[in-house]
Protein chains: 2
Amino acid sequence: MTSFVKIKYINLKTTGEIIREKREEKGLLLRELAASLKIDSAILSKLERGERKPAKEQLIKIAKLLGMNKKELVLSWLSDKIVFDIADEEYGVEALKIAEKKIEYLKKKKS
Amino acid sequence: MTSFVKIKYINLKTTGEIIREKREEKGLLLRELAASLKIDSAILSKLERGERKPAKEQLIKIAKLLGMNKKELVLSWLSDKIVFDIADEEYGVEALKIAEKKIEYLKKKKS
DNA sequence: TGTATATTTGACAAGTTTTGTCAAGATAAA
DNA sequence: TTTATCTTGACAAAACTTGTCAAATATACA
């Protein structure tokens with residue numbers, strides 16, 4: 001079964017912030033979630049504070065463990081990655097627009 | 001002095017393709033440009049064919065050596081990087097849009 | 001064709017970054 | 001203060017990057 005989830009309210013928080021909120025909402029300790037993820041709580045602490053970025057596999061696992069919508073979390077993570085790429089770049093915003101066009105172009109090319 | 005260069009025609013080619021074209025236009029051999037860059041021609045070959053991605057420093061150097069507009073090449077390189085990030089991602093295009101909003105949001109937050 | 005020149009490929013090494021562990025330090029709650 | 005939670009930084013191992021080199025392939029042209 002495939003399900004389509006329309007995401008209406010875009011979450012501009014960082015992935016770490018979202019994870020921390022959700023974890024606390026669930027009343028889980030850093031140590032507890034970390035154990036489920038099979039990582040040291042030091043790492044989870046760093047992930048939540050944005051000092052490190054989760055691998056995609058970890059992210060998916062986190063979404064599952066916290067009962068979150070996977071798409072929302074992946075979108076946050078991916079967009080964080082893009083923002084990080086261009087954050088200190090003079091032409092970052094322009095590059096974003098060009099990237100959109102390139103994606104479009106590549107899609108057309110394929111079909 | 002600051003100069004503003006308006007880029008009218010967006011180049012959707014990859015950075016490597018642009019470099020190769022420009023190099024051939026100038027009649028330079030892979031070996032020759034590589035020597036100026038102080039790298040092995042094997043690497044330049046890989047950069048041009050997109051097998052590897054240039055470091056930003058290399059890119060700037062290449063732009064200078066080929067007498068190219070630096071902004072154009074940096075834009076191509078940055079957008080390639082973004083495209084690479086999201087190319088195999090289910091929600092890539094959506095993530096791009098969110099990244100734009102995040103950038104906007106971060107800018108506002110700063111000011 | 002054969003030979004020279006140019007480019008590509010892949011194995012490898014060195015350097016860097018990432019991803020994790022651990023223990024000590026800081027913070028917060030009781 | 002004591003106890004539990006979280007943060008920080010030093011360190012190690014693994015993964016990725018960036019380069020060299022030599023052999024294989026492709027291109028050009030006498």
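Note: hydrogens, waters and symmetry copies are ignored here, and every other heavy atom, side chains too, is used. Lettering follows sequence order; numbering is per chain, from 1.
Applying the side chain to side chain contact (heavy atoms under 4.5 Å, CB included) criterion to A34(B), with sequence neighbours excluded, gives I39(B), S41(B), L44(B). For E51(A), the side chain to side chain contact (heavy atoms under 4.5 Å, CB included) criterion is met by K46(A), R49(A), not counting sequence neighbours. E48(A) meets the salt bridge (charged side-chain N to carboxylate O under 4.0 Å, His left out) test with R20(A), R23(A); sequence neighbours excluded. Under the side chain to side chain contact (heavy atoms under 4.5 Å, CB included) criterion, R31(B) pairs with L29(B), not counting sequence neighbours. With sequence neighbours excluded, the residues satisfying salt bridge (charged side-chain N to carboxylate O under 4.0 Å, His left out) with K97(B) are E100(A). By the side chain to side chain contact (heavy atoms under 4.5 Å, CB included) test, E17(B) pairs with K13(B), T14(B), sequence neighbours left out.
Distance CD (E57(A)) to P (dA15(D)): 14 Å, rounded to an integer number of Å. Between L44(B) atom CG and dG19(D) atom P the separation is 11 Å, expressed in whole Å.
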Checklist outcome for this item: Going 5' to 3' through nucleotides 12-30 of chain C and flagging B where a protein heavy-atom sits under 4.0 Å of the base, S where only the sugar-phosphate is that close, and - otherwise, we get -------BBBB--------
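Fit an axis to the five pairs at each end of the helix from dT1(C)-dA30(D) to dA30(C)-dT1(D) and the two axes sit 30° apart, to the nearest 10 degrees.
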Distance-only check: which donor-acceptor pairs under 3.5 Å involve side-chain atoms of residues 54-68 of chain A, not counting sequence neighbours?
residue : atom : partner : partner atom : Å
K56(A)  : NZ   : E89(B)  : OE1          : 2.8
Q58(A)  : OE1  : A55(A)  : N            : 3.1

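At least one side-chain heavy atom of L73(B) sits less than 4.5 Å from a side-chain heavy atom of I19(B). At least one side-chain heavy atom of L96(A) sits under 4.5 Å from a side-chain heavy atom of I86(A). The shortest side-chain heavy-atom distance between E21(A) and N11(A) does not fall under the 4.5 Å cut-off.
Around atom CD of E24(A), more than 12 heavy atoms belonging to other residues, nucleotides or ligands sit under 6.0 Å away.
Residues of residues 77-85 of chain B that place a heavy atom closer than 4.0 Å to DNA chain C do not occur. Listed by residue number, the members of residues 18-36 of chain B with any heavy atom below 4.0 angstrom from DNA chain D form an empty set.
Within the structure, side-chain hydrogen bond (donor to acceptor under 3.5 Å, both in side chains) pairs that include any residue of residues 77-86 of chain A comprise T15(A)-D80(A), S79(A)-K102(B), D80(A)-K102(B) (at least two apart or interchain).
Between K101(A) and E104(A) there is no salt bridge, since no side-chain nitrogen of the basic residue lies less than 4.0 Å from a carboxylate oxygen of the acidic one.
Distances shorter than 4.0 Å separate none of the side-chain N or O atoms of S45(B) from OP1 or OP2 on dT7(C).
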